[in-house]
Amino acid sequence: MKFTQMLTKRFKDTPADCQIASHIFMIRGGYMKNVGNGIYSLFPVTKRITAKIENIIRDEMNKIDGQEVLFPVVMPASLWRESGRYDSIANELVRFHDRSGNDMVLGMTHEEAAVQLARETAESYQQYPFMIYQIQTKFRDEPRARGGLIRVREFTMKDAYSFHTTKEDLEEYYMRCHKAYERIFARCGVPEVISVASDSGMMGGKVAHEFMLCTPVGEDSLVVCSECDFRANMETADCTFDKLEGEAEALTKVATPEMKTIEEVANFLGKDMDRLLKAVAYQREDDDSIVIVFIRGDLEVNEVKLRNYLKSEIHPALDLDAYDVCAGFIGPKGLTNKVKVVFDSSVLTSESFVCGANEEGYHFTGLNIKRDLGDVQTVDVAKAVEGGICPVCGKHALTLTRGIEVGNIFQLGDKYTASMGMKYIDQNGVMQTPIMGCYGIGVGRLAASVCEAHHDDYGPIWPMSIAPWQVQLCALRADQAEVREFADEIYRKLQDAGVEVIYDDRAVSAGVMFSDADLTGVPLRVVVSPKGLKNGTVEISKRDKSMMEKIEKDQAFDFIMNTVKDMIKECEDYAK
RNA sequence: CGGGGUGUAGCGCAGUUCGGUAGCGCACGUGCUUUGGGAGCAUGGGGUCGCAGGUUCAAAUCCUGUCGCCCCGACCA
């Protein structure tokens with residue numbers, strides 16, 4: 001590809017809307033153009049990168065016996081009614097009507113389509129297990145797209161669906177897919193991607209993992225143990241807390257006028273926050289009832305865990321007066337029975353708590369849960385904390401970090417096969433319901449994540465395996481015949497040898513050419529210049545600055561070929 | 001959906017307080033000079049100032065409404 005022929009445009013100024021590195025470089029470097037909120041067109045540079053990522057994914061999916069298929073983007077609502085998701089998913093699912101007035105949806109994921117395709121085809125146990133996958137456009141009407149390709153509404157995704165006759169078989173295949181994912185991310189140049197246990201959300205199922213690239217700009221909070229291999233999304237991480245010292249005290253009502261927040265109460269009574277019992281009020285979405293969570297004052301409620309426990313969507317409670325709840329002075333003793341109460345496990349870590357007295361201007365001190373409330377049921381609904389206790393190894397070794405979710409895998413079980421009536425005949429001639437796993441990777445997000453992980457102040461540093469081109473050939477002073485001729489010759493020879501070359505043949509200054517090359521991020525750079533040719537050399541360097549050589553012009557071609565081969569091999573070795 | 005910010009040329013911005021008919025830098029076209037880290041001079045093209053009403057002799061500027069975009073939160077395979 002010659003630069004002069006390529007559709008591209010670069011900017012010196014950082015666009016005002018961009019916040020994170022990958023977004024900035026991908027806009028400044030002419031990788032993509034915003035079309036609408038969370039909707040982008042991709043320029044040729046980006047399409048070349050995503051095509052390479054797709055091919056790596058395709059190769060690994062085929063290696064675990066995947067069969068590539070293609071599901072439709074637009075589906076009739078009836079298909080989504082079968083699984084129940086037409087009604088259970090809120091606004092992320094785009095609904096519209098066709099000309100006949102039929103309800104239609106835009107595909108945001110394809111479990112329904114996968115079951116629809118397979119259910120009348122895989123009739124016998126002999127056809128199991130099998131996995132089908134596609135690489136295709138999804139549309140999700142996200143409440144908030146952000147960060148360039150990190151979170152968009154329309155995006156390309158590889159989604160795979162496996163079907164099994166036994167749980168053991170699903171688990172075994174799930175592990176194979178887990179390993180395939182590790183190879184995919186390593187081959188794409190981000191071997192640092194880790195898998196964490198995760199919440200299964202709207203997908204359903206029990207066991208799920210997310211593949212995370214750890215970076216401060218990530219959208220998810222992760223809990224990682226520095227002593228063992230426990231790693232979980234904050235949403236699902238189990239929590240235990242040390243018992244605090246101190247004896248039970250007598251239950252005493254004290255005046256705490258105007259003290260509504262736990263900070264105010266703690267300061268007023270001279271107590272640490274962990275000696276208070278905090279009340280957090282939520283309203284259930286299914287029956288509108290109020291749920292009050294009691295949790296130790298220094299901790300926070302993990303709303304995902306609470307939601308899973310309650311088996312209902314929840315939102316912060318607004319109007320507590322209507323339920324005879326005295327906001328600011330809520331406590332478990334003497335609380336109205338118009339609300340449901342949930343005790344976090346942390347309420348058992350102290351013998352003596354300060355809590356609200358359910359009376360304006362009063363708190364109790366010396367509340368002992370067991371003595372004053374009897375045997376209450378507790379449940380773990382707290383957020384993990386930095387330095388907290390690892391639920392696996394028991395050491396105080398939890399660290400909190402942020403991550404971008406680049407892929408995920410789920411053991412779905414029979415959620416879709418059962419609801420959509422998929423059956424097969426087993427060895428004994430009995431009809432059975434198969435079980436499923438599903439496995440996703442966001443292609444564009446992965447590209448942006450690689451950029452996020454590998455860049456310097458001047459632009460992305462693409463790994464050889466997914467770089468838009470393998471070599472960037474810069475002809476400085478391309479207006480001089482000697483330069484032009486030699487650069488043309490190298491370009492031709494590299495192309496003939498099957499090397500992917502972007503040839504900057506513009507008559508621009510060295511500064512412009514190098515800056516644009518930095519933004520393009522091609523791993524190997526070849527500079528042909530009058531100065532070099534005068535000494536009979538060309539300059540060959542790596543984008544990551546780990547190499548800078550002046551090579552005799554007669555040996556340049558061989559040197560480039562060998563270096564490209566070495567760099568490709570390096571990528572492959574990385575993945576082993 | 002809540003909070004904050006912001007819409008003026010492809011990009012970055014000034015002009016809005018105090019109404020007078022739109023400007024700067026980059027980018028783009030042309031010519032000459034220049035050439036190893038975002039060159040110089042000259043010259044040219046490009047904007048219904050987000051949109052719709054209203055006030056006024058006159059609106060980018062004032063008023064009302066509305067939409068888009070960005071950030072934080074909520075939400076989210």
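A, B, ... follow the sequence lines: proteins, then strands. Residue 1 opens every chain. The basis for the numbers below is simple: all heavy atoms, side chains too, and nothing from hydrogens, waters or symmetry mates.
Judged by Watson-Crick or G-U wobble contacts below 3.5 Å, the nucleotide rU61(B) has no partner. Across all strands shown, rC69(B) forms a Watson-Crick or G-U wobble pair with rG5(B), both key distances being under 3.5 Å. Summarising the base pairing, rA22(B) is matched to no nucleotide, lacking a Watson-Crick or G-U wobble pair whose two defining distances lie under 3.5 Å. Under the Watson-Crick or G-U wobble criterion, with both distances below 3.5 Å, rG29(B) is paired with rU43(B).
Between rC62(B) and rU16(B), the distance separating the two C1' atoms is 10 Å to the nearest Å. Nucleotides rG36(B) and rG31(B) are separated by 23 Å at their P atoms, to the nearest Å. rA9(B) sits 14 Å from rA60(B) when the P atoms are compared, rounded to a whole Å.
Between Ile89(A) and Arg95(A) the shortest heavy-atom distance is O-NH2, 2.6 Å.
Within the model, atoms CG of Leu306(A) and CZ of Arg284(A) stand 9.0 Å from one another, a figure rounded to the nearest 0.5 Å.
Every residue two or more places apart in sequence or in another chain that forms a side-chain contact (heavy atoms from CB on, under 4.5 Å) with Ala232(A) is listed here: Ala197(A), Phe230(A), Thr236(A), Ala237(A). For Asp544(A), the side-chain contact (heavy atoms from CB on, under 4.5 Å) test picks out Ile461(A), Lys542(A), Ser546(A), with sequence neighbours left out. A search for salt bridge (Lys or Arg N to Asp or Glu O under 4.0 Å) contacts involving Arg402(A) returns nothing, not counting sequence neighbours. Here Glu92(A) pairs with nothing under the salt bridge (Lys or Arg N to Asp or Glu O under 4.0 Å) rule; sequence neighbours left out. Residues passing the side-chain contact (heavy atoms from CB on, under 4.5 Å) test with Asp220(A) are Met212(A), Leu222(A), Asn233(A), Glu405(A), sequence neighbours excluded. Partners of Gln19(A) according to the side-chain contact (heavy atoms from CB on, under 4.5 Å) rule, which considers only residues two or more places apart in sequence or in another chain, do not exist here. Under the salt bridge (Lys or Arg N to Asp or Glu O under 4.0 Å) criterion, Glu485(A) pairs with no residue at all, not counting sequence neighbours. Under the ring-ring contact (aromatic ring centres under 6.0 Å, His included) criterion, His209(A) pairs with Tyr174(A), His178(A), not counting sequence neighbours.
Glu405(A) comes within contact range of the sugar-phosphate backbone alone, with a heavy-atom separation under 4.0 Å but no base atom that close. At a threshold of 4.0 angstrom between heavy atoms, the contacts of Phe155(A) include nucleobase atoms, whether or not backbone atoms are also involved. If you check every strand for non-hydrogen atoms under 4.0 Å, Pro143(A) touches a base. At the heavy-atom level, Thr14(A) lies under 4.0 Å from the strands shown only through sugar-phosphate atoms.
Taking atom CD1 on Ile27(A) and atom P on rC11(B), their separation rounds to 10 Å, with Å as the unit. Distance NZ (Lys33(A)) to P (rG10(B)): 9 Å, rounded to an integer number of Å. Residue Phe410(A) contributes atom CZ, which lies 12 Å from atom P of rC76(B) at whole-angstrom precision. Here the C1' atom of nucleotide rC75(B) and the CD atom of Glu303(A) are 10 Å apart, to the nearest Å.
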Return the polar atom pairs (N/O with N/O) between nucleotides 40-42 of chain B and the protein under 3.5 Å, or none.
none

Please enumerate all protein N or O atoms sitting under 3.5 Å from an N or O of nucleotides 32-38 of chain B, with distances to 0.1 Å.
{"unit_1": "rU35(B)", "atom_1": "N3", "unit_2": "Arg477(A)", "atom_2": "NE", "d": "3.2"}
{"unit_1": "rU35(B)", "atom_1": "O4", "unit_2": "Arg477(A)", "atom_2": "NH2", "d": "3.4"}
{"unit_1": "rU35(B)", "atom_1": "O4", "unit_2": "Asp479(A)", "atom_2": "OD2", "d": "3.4"}
{"unit_1": "rG36(B)", "atom_1": "N7", "unit_2": "Ser529(A)", "atom_2": "OG", "d": "3.4"}
{"unit_1": "rG36(B)", "atom_1": "O6", "unit_2": "Ser529(A)", "atom_2": "OG", "d": "2.0"}
{"unit_1": "rG36(B)", "atom_1": "N1", "unit_2": "Glu539(A)", "atom_2": "OE1", "d": "3.1"}
{"unit_1": "rG36(B)", "atom_1": "N2", "unit_2": "Glu539(A)", "atom_2": "OE1", "d": "2.7"}
{"unit_1": "rG36(B)", "atom_1": "N2", "unit_2": "Glu539(A)", "atom_2": "OE2", "d": "2.7"}
{"unit_1": "rG37(B)", "atom_1": "O4'", "unit_2": "Gly511(A)", "atom_2": "N", "d": "3.4"}
{"unit_1": "rG37(B)", "atom_1": "N1", "unit_2": "Asp518(A)", "atom_2": "OD2", "d": "3.2"}
{"unit_1": "rG37(B)", "atom_1": "N2", "unit_2": "Asp518(A)", "atom_2": "OD2", "d": "2.4"}
{"unit_1": "rG38(B)", "atom_1": "O2'", "unit_2": "Lys12(A)", "atom_2": "NZ", "d": "2.7"}
{"unit_1": "rG38(B)", "atom_1": "O6", "unit_2": "Arg28(A)", "atom_2": "NH2", "d": "2.6"}
{"unit_1": "rG38(B)", "atom_1": "N2", "unit_2": "Asp516(A)", "atom_2": "OD1", "d": "2.9"}

Got a list of protein N/O to nucleotides 68-71 of chain B N/O distances below 3.5 Å?
{"unit_1": "rC69(B)", "atom_1": "OP1", "unit_2": "Asn37(A)", "atom_2": "N", "d": "3.0"}
{"unit_1": "rC69(B)", "atom_1": "O2'", "unit_2": "Asp17(A)", "atom_2": "OD2", "d": "3.3"}

* Asked: Taking it one step at a time, do His110(A) and Tyr161(A) satisfy ring pair (Phe, Tyr, Trp, His ring centres under 6.0 Å)?
  -> CA-CA 9 Å; His110(A) 284 84; Tyr161(A) 308 90; 7.4 Å; no
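One finds a side-chain N or O of Arg307(A) lying less than 4.0 angstrom from the OP1 or OP2 phosphate oxygen of rC76(B).
Identified under the side-chain hydrogen bond (donor to acceptor under 3.5 Å, both in side chains) test for residues 512-527 of chain A, with sequence neighbours left out: Arg10(A)-Thr520(A), Arg506(A)-Asp516(A), Asp518(A)-Arg525(A).
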